[in-house]
Trainee: 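Dumping the structure here so I can ask a few things about it.
Below, chain A is the first sequence line, B the second, and so on; all start at residue 1. Hydrogens, waters and symmetry mates are skipped; everything else that's a heavy atom, side chains included, is used.
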Amino acid sequence: MSLRGNPRFIELRDALAGPLFAVLLCGLPVALFWKRLTDPAFRAELRTKEFTAQITAKDRHVGRHFRFSKGKVRSGRGILENPEVCISFRTASAALKLMLFANDHLTQINAMKNFVVEADGPDRDLIWFMQTMNRLRSLAEPSAGTSMGDGVTRYTSNTNGGPVFVYVKDGRILRITPIEFDEDDPEPWQIKARGKTFTPPRKGTVSPYVFALKSLVYSPDRLLYPMKRVDFDPNGQRNCHNRGVSGYERISWDEALDIVAGEITRVKREHGPGSIMNGSGSHHMWGNIGYWLSARARFMNSIGSSQIVHNPDSWEGWYWGAVHHWGNSMRLGASDTYGTVEDCLQECEMIVFWSSDPESTSGVYGAFEGTRRRQWAKELGIRMVHIDPYYNHTAALLGGKWLAPRPDTGNAMALAIAYVWITEDLYDHEYVQTRTHGFQAWREYVLGEQDGVPKTPEWQEQETTVPAKDIRALARLWGTRKTYLSPGGLVGFGGACRCATGVEWARSMVCLMAMQGLGKPGVNMGCLQQGAPVDTSFYFPGYAEGGMSGDLDNTGLRISMYQRMPQLPAMNTVSQLIPRLKIPEAILNGSCEGYATDPRSIEGQFKKFTYPAEGHSPAKMYYKYGGSHFGTMAESNRYARAYQSDNLEFVVNQSIWFEGEAKFADILLPACTNFERWDIGETANSGGYSHHQFIQWNHRIMTMQHKCIEPLGESKSDYQIFLELAQRLGLGAPFSEGMTELEWCRRLFEASDLPKVTSWRQFMKKGYYVVPAPREELRAPVSYRWFAEGRHKDVPELAPLPADYTEEWRSGLQTQTGKLEFESSSLKRFAPDDPERPPLPAYIPSWEGPAAEELYAKYPLQLISPHPRYSFHTMFDGKDGFMNDVKDHRITIDGYPYWIVRIHSQDAARRGIHSRDLVEVYNDRGSVICAAQVTERIPPGTVHSCEGSAIYDPVGKPGKSPDRGGCINILTPSRNIIKKSHSTASNSCLVQIRPWEGGQGA
Amino acid sequence: MTQLLMVIDVALCENCNNCFLACKDEHCGNAWPGYTARQPDHGQRWMNVMRRERGQFPLIDVAYLPKPCQHCADAECIRKGHGAVFRRPDGIVLIDPEKAKGVTALKTACPYGAIWWNEREDLPQKCTFCAHLLDQGWKAPRCVQACPTGALSLHRIEAEDVQGFVAEQGLEALGHNDSSQTFGVYYKNLYRFESWFIAGSVTEYRDERAECAAGAAVVLFRGEDEIARTETDPFGDFKFDRLPARKEEYRLEISRLDEEPKQVSVDLDSSRCIGTVWL
């Protein structure tokens, strides 16, 4: 028997532990005294505390108590009978270990799970006592930020549009700038291509809206105090029908939190599990701790809630379609893009941008990092073609051939390109034979041997209006040149995937590349937006890796972070799901159904779920958090009508600004921005579905997101709001593990690879770290090169899961055949006769386009509503911020900032419309008042207006009158792209436009 | 004395508005005593990004012209400013925020429309080149720092070398063709905004199908003079750019090999897409 297991040794050890523990406890009053002396914030906190806490070891009857009173701490030996707060260790030796190695979170958590340590007492005092004990780890907090002289401190933060320096003076933000590297930061990579050497500048770029952040922090629309709808009484009349109509009154935090906590317990008591519905926007202010996939998930799981599940809105056609041809389920049908910047610059002869405008969308989180690389491509003379109904900003900057198909017809054009390749023998026979499956059936379909309709360029012209000759010219260029296809600003995005034909479009994109040898030198997916040769081996988590969520089921926590940052799991006991696009039906009709977005396998999406779930309560309370659905979700008036239903007994909205959906809440909880709280995050690292998303960036930049200023008004961080609610529900300890936000940041820092290269103290001070570029020989290989060359997969991604390989691990693709499939095995298995999604990609005319003749006669304009260039969905729009002044974002007329609709000169003239005229864009679903911009950038018959208005401002009854805020999704259909999905077809939208004459009704 | 010159390349501007917004970030909510009062949160455009579409669907292009104060050496605003406007030795023209109060003559003094009136302060305001930052050692004004495409750049040139620099870089001053005056702002590729073009697509029948006529010769005449020639691209498209922005009659001769050229006359009154020409 080893010494460790020897009973006598254990007895001796435990006997010694008692006195040692007592000595250790003696040190605490000294540390507390020192903390009180040196930390003014702590002194202030102390003044509010009035209780006794005690720490004991059960086996030795050793303990110490601490009396907090009138700003002072008194401590004594011995165990009191009834202290308010008690932390008791099972044994003194366990106590010693746990107190001395407070940083060893795995040991701490194991002790909690095994009841080796227990905490008791009212949550408010208990959590503060635990946080205080944790804070004693470092007697002096490391200083944050760099002093710039003249009382100015330069902090760092991070945003959806890039990392920033934040200059602060006298507690107020002076300016926000991009990060420019200093001499200690590493040199960036170099790429040699065609006799030239390219290297990115030593700084980060930022998206335009980043410069509006100061105006948004200090916006007059900030919620600064908790508010209650004036005619809402939780104990009396709730007046649900007045949501969106009635005004608000200021209440105290105590009252607000008591109401919310009271309603949480009431609906659980009265209705049972499932009665709390919780949802958030897809994006939140940057950071890994205060994110919706982090603190929010842990809290919502802790109370048990019906989760609103997101449709894969950025991916749609790729998830419901392309996945069945090349796998990539873990990326929701999008693709990896490793090494493609170098390969594209060195080898590629032509880039086809198809529904792809990275200069507007920044890929996602990509700021202008890809812009420089595309300028290099232009410099090298790489030909560019832009297929988009709108002459987009990428086309405007780079030039090249613009082909403007009618919206929602994309795969007719793709099929015609395949037709030319087949009939003129312009495809890679050897690749098709060895790397693909089902070509014969595709060939027959394209040539019309199955349905009697050859998919000729002339045939596509009837659908797309793009001349057949242009398609032949494009197909010939493409078939004879090494070509990159960029479907979407990021591979696997694109407005064309969000329409009635979006599934078929995405599928056909994969099939086209399967004919041209995907993965061969110069033949790949992308437009230089992704695939920079940065170091992918340096670990830092993306936000979707779950932060402090404890949520193994709905975040990427279990991939790396659960091991790297052990934490208490937070599992949701409520299995009821509500599809985001069907929230109104769930509330108003009491039932709906959806299909799962489950990335684990191709088959994950075949799981149908229904609401209400068996044995669950329908949703009675709505806890809304983050951005507004009105600007982003289809047929948005439905949401306004749902809010006014008595079926929703209580609505709380935790929001930074008083905008959009927030105006429909009963209680408003004011959250602060991420400039007013601590967080930590890496630029463009989302993790999860977008593994290694940061390869859009020329540099990997991790940032400490400093608390640059104090929260405005009475606003609080999301973490703090959840913690204070949790405390009212006795959940404070499992929610917080007794830690503050800043300590969670440090815990995440320690879980990453950062401690290998910098210290916490340094990182807190400087605020950012730039990962050195890898040596050339250590750069990630080019995506699909291994596949094209018949080797084992060699790119640095774990997906697909081992079981999803048909042959050997890392051999072949995720599809059943392991090949690129023209005819999909998974669809053949699942629903071979589905007319909406046959196993072979087909052209199925849009259900809301010219083929819908009756509707088209009434509403002859096809509206596309891409992502806005000057906001990130609703986040940076409105709020009286600077973006309202950007000429191409909103147009101010008579002092009101109107949303813009773009219309061709002929369509405008026919309707008597001029630029800057107010117009009504309408259909049977509703009406939106916009300012017209007459343009040649769009063909006649198509109109363009972005999604993402933060302002919802109905001129009459909410949900039933024209909106002058600009929520263009009021007009878009709520129908799923295909029945067997949970998806949005926002670019299949027929409308009419007329001059706006004022008044209340459409 | 070293002069500060801002060079704006119209061909590289993509209307991201980073310059316009960084300017607002710097000046809204912040007063810089001695340099400028704070900019109102809305309404002023010290960096005014102008948009111009040229041509007609489907052959168009779009150009943007960021227009700040031009920091003219011989500035109207200095002449009309009653001593409230001055030019620093480095070329930056500043409106003194104290002395300029109520000087309404400055409302309309600027031929570029670069002076904005602050109603609340009763004060004319404009771009300062972020002189307060340059004086603190910043390398560039906020707009230049924020520009992601390289469209905006700042140069430090000795006064006697300015004309040489302008000539060598092929720069132009906005609204001035002669080089008798110097400015703080110069433009590159201004033709993208100011000139007109003629573009079209050439099509032919081959095997009874319409095909893009690639490689066809296109010659442009003004009167009897041949002024340019080009070849159609693989889509049969051609474009003659940098035509002066004035009404004029042009003639095109389009031909393949030694076939009889097709004649097309164009009465140019703005940039024109002449549509499809059949050979």
Side-chain angles (χ1 to χ4, degrees), chain A residues 172-178 180 203 205-215 218 359 367-369 371-372 375 383 391 393-394 396-397 399 401-404 457-458 467-470 472-474 476-477 869-870 880 882-889 892 904-905 935-940, chain B residues 11-30 41-45 48-51 53-64 133 136 139 142 145-151 201 203-204 206 209-214 233-237 271 273 276:
Chain A
R172 208 181 147 81
I173 297 173
L174 278 185
R175 68 173 68 87
I176 296 174
T177 78
E180 291 182 319
K203 62 180 185 182
T205 51
V206 294
S207 292
Y209 38 74
V210 168
F211 292 112
L213 274 161
K214 188 177 78 170
S215 68
Y218 297 111
E359 295 304 326
F368 289 97
E369 297 292 298
T371 306
R372 195 52 67 99
Q375 289 177 320
R383 180 182 291 280
Y391 185 75
H393 294 277
T394 307
L397 176 66
K401 179 62 177 174
W402 173 40
L403 299 170
E458 279 72 14
K469 67 183 176 75
D470 290 351
R472 269 192 289 275
L474 171 63
R476 288 167 190 155
L477 281 173
R869 193 182 197 203
Y870 303 103
D880 195 42
F882 294 159
M883 300 318 288
N884 284 4
D885 286 34
V886 172
K887 289 177 185 172
D888 224 10
H889 182 62
T892 299
H904 186 265
S905 52
T935 182
E936 297 296 319
R937 297 178 76 157
I938 197 156
Chain B
L12 295 181
C13 178
E14 60 162 325
N15 194 35
C16 74
N17 276 272
N18 273 14
C19 52
F20 168 70
L21 290 159
C23 174
K24 289 182 82 75
D25 178 70
E26 185 64 28
H27 297 285
C28 296
N30 297 327
D41 287 353
H42 299 291
Q44 298 196 0
R45 299 177 184 280
N48 197 358
V49 186
M50 320 294 284
R51 182 182 75 237
E53 288 178 12
R54 301 193 304 169
Q56 293 77 37
F57 176 80
L59 295 179
I60 67 163
D61 64 18
V62 185
Y64 302 93
L133 295 178
Q136 283 174 41
K139 283 182 237 141
R142 291 290 308 276
Q145 185 196 41
C147 178
T149 64
S201 300
T203 305
E204 63 192 343
R206 287 204 304 271
R209 285 190 314 204
E211 298 283 5
C212 297
D233 72 11
F235 291 94
D237 295 344
S271 288
C273 158
T276 302

Trainee: Examine whether an atom of Leu474(A) lies under 4.5 Å from a heavy atom of chain B, and if so say whether it belongs to the side chain, the backbone or both; otherwise answer neither.
Mentor: both
Trainee: Heavy-atom cut-off 4.5 Å, strictly under: side chain, backbone, both or neither for Glu180(A) against chain B?
Mentor: side chain
Trainee: Please flag which part of Arg869(A) lies under 4.5 Å from any non-hydrogen atom of chain B: side chain, backbone, both or neither.
Mentor: side chain
Trainee: Let me know if Gln375(A) has heavy atoms under 4.5 Å from chain B in its side chain, its backbone, both or neither.
Mentor: side chain
Trainee: Could you check which of Ala214(B), Cys23(B), Pro148(B) has the highest count of heavy-atom pairs closer than 4.5 Å to chain A?
Mentor: Pro148(B)
Trainee: Non-hydrogen atoms of chain B under 4.5 Å away: do they reach the side chain of Thr935(A), the backbone, both or neither?
Mentor: both
Trainee: Is any side-chain heavy atom of Arg372(A) closer than 4.5 Å to a side-chain heavy atom of Phe368(A)?
Mentor: no
Trainee: Non-hydrogen atoms of chain B under 4.5 Å away: do they reach the side chain of Phe882(A), the backbone, both or neither?
Mentor: both
Trainee: Chain B heavy atoms under 4.5 Å from Thr394(A): which part of the residue, side chain, backbone, both or neither?
Mentor: neither
Trainee: Checking Ala11(B) against chain A: side chain, backbone, both or neither under 4.5 Å from a heavy atom?
Mentor: backbone
Trainee: Ring centroid separation for Trp402(A) and Phe57(B), is it under 6.0 angstrom?
Mentor: yes
Trainee: Assess the side chains of Asp885(A) and Tyr870(A): does a donor N or O sit below 3.5 Å from an acceptor N or O?
Mentor: no
Trainee: Where does Arg476(A) contact chain B at under 4.5 Å (heavy atoms): side chain, backbone, both or neither?
Mentor: side chain
